[in-house]
Structures are given as structure tokens and as C-alpha cells.
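Here the structure is laid out as C-alpha cells; the discussion comes afterwards.
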Amino acid sequence: MDRRKFLKDMGLSGLVAGLGPGLLAQAPKPAAGPELAFIVGDSPAKITKEALNVLGGMNKFVAKGDVVMIKPNIGWDRTPEMAACTNPEVVKALVEMCLGAGAKKVVVMDNTTNQAQRCYMRSGIQAAAKEAGADVPYVNERRIKKMAIKGEWLKEWDVIQDFVEADKLINVPIAKHHSLCRVTIGMKNWLGAIGDPRNQLHQKLDEAEVDLSAFFKPTLTVLDAYRILVRNGPQGGRLSDTKLLKTVVAGTDYVAVESVGASFFDIPPEELLFLKLAGQRGLGEIHWEKLRVEKRTV
Amino acid sequence: MKKERSRKYRALQFVRVAVQIFFFALFLYLLFRTHFTGQDYIGNVEIFFHFDPLLAVAAAIASRALYAAFVLAAVTLVATFVLGRVVCGWVCPLGALHQFFSWLFKKTKLLRPKKTVTGGLAWKYLVLVFVLVGTVFTLNLVGLVDPLSFLYRTIVTAVLPAFGQGFMMLTGFTYSLGLTGPGDALTQFYETLTVNATFRQGFLIGLIFLAFVLLNIYRERFWCRYVCPLGAFLGLASRWNVFKLKVNEHKCIKCNLCTLHCETQANPWPDEKWKSSECVYCETCAAICPTAAITFPAKSKPEKLPAVDLSRRKILAASFLAFFSVPFFRISQAAKRAHEKLIRPPGALPEKAFLEKCIKCGECMKACPTNALQPAVTEAGPEGLWTPVLVPKIGYCEYYCSLCSQVCPTGAIKELTVPEKLVVRIGTAWIDKNRCIPYFLGRPCIVCEEHCPTSPKAIKFVMVETKLPDGTVATQKAPVIDLDLCIGCGICENKCPVMDQPAIYVTSVGEQRSEKNQLLLPI
């Protein structure tokens, strides 16, 4: 049994290793289409959908029969207006689009900080995503396995298998203030895809974020900046801690999306260690203005 | 003589078992409902306790106050006055459990009823006297022996954790068979139950319960016969009820089967020795009588029947014992100064009032979403054994949750709305600078600050210079506590990455409910 399982795992990881570079090689050659969508509007669902329209539609990222994993931030027991978790309508819109593009299954999951049930329910994400047809399971301890992260600092860590087994991975963070790395957006969001004691990563949080981002390599990053958290992060707690921007930013270059997020806090990307490291490693473009950006208001 | 068992009473026996199963299921249903279900308020899941007149009386005497919800206990009392101890025989979930095990032990021949069993019945009355005399001196020990508290506490702190382990083994087995689908489904189902699976003392509490289950091998329904103070209380109330046992002398063949199989030693035959106060109306005697000689006719004029021999001497002895025991239960550090680990749930009354009311049932421990509330061991003294304390290393007080205060059956934890709960201070956080990563290692951390739920946060930063072993100096953001803002929820201690002994920890000082256990003077 063990031997068979070992062989199976070997096969899988071989497959992943084989496919990884392959997919990278096929990465879109500079096409005419926009690389970053920057959409402003009153409806979180509409701006999310418009962002994907601008990027060429969800069909470009999700193929028929794909299992899609959507990773919002559901870390805290806070209601949507507190801007501690991703806006549920943004998540819902993404689920709808993925299923519309022919995805076999869409899963929404996060390893929460507060009690999982409270976070899933009170963030509104569980109900919204289920309504759209997604599975919204709780993290299953048995599906956490130690994996080689192969980062520059983080060599191995426990990873929730659902995130690596999915065909496509969509990161849907929210932009928030954070006392240690100043802002927490998409790259830190990956701490919700790994196991404990993840708090120990705080000793080198910036390095960990970069290593984890390079490991997970999301297909697409959709930044929810409908309402961002400007103070008292990453939980907030008062409406006055939040700021209404009514914005969604989407793109395949997660470093660029992250830099746009930083700009909402008036922080130049070079000032953020994790962005600087990501840029140096060539994970993406920290000067997002260099990309083809399409701004729209709907 | 025609030999035929009574159909009517056999049917009634089946009905009784069905009713017992129903109430046991209801008890479990309410227990499983006692957790976060998506709503801030979860309704009267603790209602079973409010039908318990013993809890009502004990809490009322001990706290010198009436608690409105206990008005429901009158239903039980009236039912007992009119119908006898039907609550013991038909409703009580612990009684049902003991009866089930007695039946099981009989079937497996582990329990062989003796022809003549006498004595011992007075013990439960003495337990009752002991408990009630204690309450006169505001010592409320009723929760230790009340059947509902006993059962609920055991299920929550011992049975459910074991059930959780079993469930995990089951899912593990499912996965090992390669059945990932069913394994995932089982895990998700288990998650939705939000079972608190970590309880210190759970093993001990479970052992005590097991002992009483096994005592059914010695005597059928041992607990109900000899120990249960609620049974004694209802027994006192049942002596004048209308349904009295009657043995038809012409039919009776004096086989003694009825007395042999009487569940509670009520002695159906000869009927002039039948003890109304011990009969739980299980209908076994009437159902098994080979000649259908036993009936329970209603009498228009209730009569007093021979009861258990409660000599004045025994009652006095129990009273004296209770009286002299009271101070022993109060030998506690808490009398000198507050115990630093005695962190009570939000809404808990001041310690003295709390102990007068708390029945150690474990409702709050079941409701707590993070498993933070644990049965006290020594923190609250012998008097406060198994009362709830918050243990941040195990769980923390979830900021927007007030479930424990909602489910407390006696008001020992005052019911709070969520907005009311947000500002209740249950303790204060402290930093151990010798262990705190920025202070001691000169490395970044701030995990405590990140998790602090108040806005503005009660954990703030100072820049700290740390001399490292190689002689260099590191400068880091290090946490400091703003005592005005800290509510003592304990999430900082719970999430601290220093695993064994957290570098930030909560103690009870500053708890709002105490006048003396304070740090900041309101001057």
C-alpha cells in the first residue's frame, strides 16, 4: 500500500514538475490585449465581471472540465463591511464565471484564523459562493501534507493539497493594512493555503510570502479593493478603519497586481521588501505602469 | 388460575421506552444544537435544565434569588405531585441511560437480581439533605450530583472528545481504503458539528460516569436508587400522588417476580409495603406479572403510603456533615487573593455570586466556539471544581461571540448581547520579554498584534533594541499592551508562535466583574 502510494505521489509530483515549466513556456507572448484590468464601479459583481472581460474573458484562464480553486481571504470573523475578508460578491462573480467557462468544479477555501465556521458564515463568502454553485469546504486536516516549497528561504512546509491539486488557482485577496509588512494583499494570502504553525513564518514574513507566491503560481489574481482596510489591520473592526475605493484589479502578473494594491496605500513598490524581492527574482513586474493597463468605470 | 400477562401494561411499557428514547434524543439534539450555527443568538437550547426543580431550589437558596427561567420546574413538580416519579421513569435522560445499561447487563447475565434487596434507599435522601444544607450556607454543590448536570458535563467533556477521536479514526480508515469521497464528506460533516475535543479532566469525568454505569451490574439503576438527589426530591413530592399500585390478591401467585425485577426497589409485593416514593412508574412489575395481578388504579383520594425510613438521626447526621463540610470546600487560594488563571467567561457574575449559581453543567463549554472554556481543576478552590475557566493555551474568547452567556441555565453567566459582550473585560494580557521574539531574539513577529481583535488594537508597538549573542544590536517593533483597551480575550496567547509557553499570556487581573482584582485605579 505504502509503496503504491509512494509511486503514485512520485508520479504526481513528476507530472507537476513536468507540466510547470511547460505551462510557463506557453505563457502568453505579448499579445495585443490588456495585461492589467483596473475597474471602478458601484457593484462589486459588475466590476469583477468587467475586469475579466477586459482580460479577454474567463475562457482564457479556465478550460472546460477544469477544477478551479478560488482563494479568497476568509481569515477573520468579520462581516463584509469591515473589509477584513474578501468581498463575497466578488467571489460569487468569479465562481459564476468559472462555471460559465465550463469548469467541472469550483472550490472556495481558506485556512482561517478565527473559528472556521464563524469566518465562513459571517464573511458571507460561504453562502455567496455556494449560491453560485461552488463547493465551500472547511480545511481538512488529512489533506495537509509536507511539500517542498523550494523557496530561497522556505524550503518545505505543510500545504493544503486542495490548492496544489486544482487545475487552476485564482487568488482573490483584499487589500489591507498590516503592521509588519505594511500591507497584506495577494502574496500574503497564501498563508491561508498552508498548515500550522504558520505564525512562525512571521520571523521572515516577506521572504515567506515571496517563496509561497512562487510556489503556488496563481493562474489569475483578482484584487478586491472595493472596500480596503487602511488602519488596524489585518482585521479592522470599525467602519472608520475602511476606505471605499469601489475598485477591482485583475491580471496574471500577481506582482503587478500587488503593486497596484500598494499604490492604494500610497506606498511605492520598492519600499515593500516582499515586492522588491519578488521583482528581483523576476516573479513579475513591480512597476505596474509598464504593463498594458486598461482602466474602466462601469 | 389463568396465566396471562397484562397486554395493557406491556403496551404501556413499550410506550414508556419510546418516550424515554424521545427525551434522550431531545436532550442530545439540544446538546448538539449548542454551538455556533451562523446566527448570533441560538435560542433556549438549555431549556431541559429549567425543568429541573432541584437545580431551581438549590440555586435559589444558595444565591438567595429567584431565576425566572426556572418557573418551568413547576411543571415537573406538579406532574410529580399528581402522577408520582414519572419524570424519573419516563423523562430523565440519565435514568433512561441507566435503565438501558441495567437491561443490557441483565440480558448478558452480568446482573442477576437478588431475591430480597433491602436498605440503601435512604442514601439519596441524605445526598439531597447534604446538598440543600450546603446551599443554606451559599455552597452550591448541586451540579456535581444533579442528573442533568452530571450527564451533560460528561457528554461534553468526555464522551464527545472520545466521539471526535473515534470519528477521526473512522475517516482515517475510510481514506486508507482509498475512499476519498466518503472520507471528505465525513470530515466536512464533522466540521459542521464543531465538536470541542480537548478537555482536561475529561478522562476523570468520564471515569466517574463509567463507574456509575458499571454499578448497574451490582444493582439495577444503582444511581437512581441510591444516589440521585433529584430522585429523592421528587420522591418526597410523590408520596401523595393518585396512581397507587394494587395487587389483586385473588390473582397473585406470590411468585415475587415483580419485586425481583422492580427497577428502583419500590417493592411492589406485598403491596402494603410498596413505596410510592421509590416507584418511577416504569410499569415493569405490571407488565411482567404472569397473572396480570398488578394494576395502578387512580384513586380519587390520594393516600400516604410507607416511605423510605428516614430517621431523624440520619437526617441530622447528613446535615451536620454538610455544615462541617462547608468550610472545607472553601479552603482556597481565592480567599486570599485572586487566582491568576481563574479567567471566567464574559458575563460571569462576581466570583461569590458565580459560585452560588454555577451548576457545572458544561453548557458554556459546549457552546464555546474555540474550546477555550475548560472545567476548573484547582483555580476556583474545591467549591469551584469543574466550573468554567478560560484557558487561552487551548482556545480564546471569540470576539463577536456571546454564546456561553446565552446558554447558561442559571444566570451564573449573565446573558449578553454581542455588542454588550464586546466591551466586557475578562482579564489582561502580559508580555514575557524574556521569551518574546522581538524582545529576546531581535527578530520580527507581531503575531499577537495581528490577532488582537479590538479597534483600536490593545497591542501597540515600541521600537526595541536587542543585544544579540554576537554583540550586534537588532532593532525591532516589539509589542506593548494598552491596558485601557485589552479585554483579556486571550487570542494573543493562543496564537503566540512561542509554542510551549507563550510569550504573551492573560491573567485574570483587571476582570470587570471583580472589585478587588484590579490594576488601574479609577482615580
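First the proteins, then the strands, lettered A, B, ... as listed; each starts at 1.
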Under a 4.5 Å heavy-atom cut-off, does chain A meet the side chain of [X], its backbone, both or neither?
X: Glu191(B); value: both
X: Asp40(B); value: side chain
X: Cys401(B); value: both
X: Leu422(B); value: neither
X: Tyr399(B); value: side chain
X: Pro453(B); value: both
X: Thr171(B); value: both
X: His451(B); value: both

Residues, nucleotides or ligands: over 12 heavy atoms within 6.0 Å of [X] [atom1]:
X: Met169(B); atom1: CE; answer: no
X: Lys243(A); atom1: NZ; answer: no
X: Gln165(B); atom1: CD; answer: no
X: Glu141(A); atom1: CD; answer: no
X: Tyr41(B); atom1: OH; answer: yes
X: Phe440(B); atom1: CZ; answer: no
X: Lys276(A); atom1: NZ; answer: no
X: Lys467(B); atom1: NZ; answer: no

Q. Are Tyr175(B) and Asn140(A) close enough that a side-chain donor and a side-chain acceptor fall under 3.5 Å?
A.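 There is such a pair between these side chains.
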Q) Going by atom types only, do Gln117(A) and Thr194(B) share a side-chain donor-acceptor pair under 3.5 Å? A) no
Which of [options] touches chain B most, by non-hydrogen pairs under 4.5 Å:
options: Pro234(A), Ser240(A), Pro197(A); result: Pro234(A)
options: Gln235(A), Arg118(A), Arg143(A); result: Arg118(A)
options: Lys204(A), Gln115(A), Met121(A); result: Gln115(A)

Q: Hey, could you give me the CG/SG distance between Asn199(A) and Cys445(B), rounded to the nearest 0.5 Å?
A: 7.5 Å
Q | Separation between CD1 of Ile491(B) and CG of Asp77(A), rounded to the nearest 0.5 Å | A | 9.5 Å
Using heavy-atom distances under 4.5 Å, tell me whether [X] contacts chain B through its side chain, its backbone, both, or neither.
X: Arg122(A); value: side chain
X: Asn114(A); value: both
X: Arg238(A); value: both
X: Pro137(A); value: both

Mind listing the closest non-hydrogen atom pair of [X] and [Y] along with its distance?
X: Gln203(A); Y: Ile437(B); result: NE2-CD1, 3.6 Å
X: Phe461(B); Y: Ser179(A); result: CE1-CB, 3.3 Å
X: Gly236(A); Y: Ser455(B); result: O-CB, 3.7 Å

Q. Lys495(B) side chain to Thr113(A) main-chain N or O, any donor-acceptor pair under 3.5 Å?
A.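 Confirmed, Lys495(B) side chain pairs with Thr113(A) backbone.
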Q) Do any N or O atoms from the side chain of Arg142(A) and from the backbone of Thr187(B) form a donor-acceptor pair under 3.5 angstrom? A)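 Not confirmed, Arg142(A) side chain does not pair with Thr187(B) backbone.
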Q: Heavy-atom pairs under 4.5 Å with chain A are the metric here; pick the option from Lys457(B), Gln476(B), Arg443(B) that has the most.
A: Lys457(B)
(Q) Could you check whether Arg198(A) pairs with Glu450(B) (Lys NZ or Arg NE/NH1/NH2 to Asp/Glu carboxylate O, under 4.0 Å)? (A)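 Salt bridge flag = no for Glu450(B) with Arg198(A).
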Q: Decide side chain to side chain contact (heavy atoms under 4.5 Å, CB included) for Thr192(B) and Tyr138(A); before the verdict, give the C-alpha distance in whole Å, the side-chain angles of both, and the deciding distance to 0.1 Å.
A: CA-CA 9 Å; Thr192(B) 60; Tyr138(A) 297 107; 4.1 Å; yes
Q) Could you go step by step and tell me if His178(A) and Ile446(B) meet the side chain to side chain contact (heavy atoms under 4.5 Å, CB included) rule? A) CA-CA 10 Å; His178(A) 192 277; Ile446(B) 78 118; 3.7 Å; yes
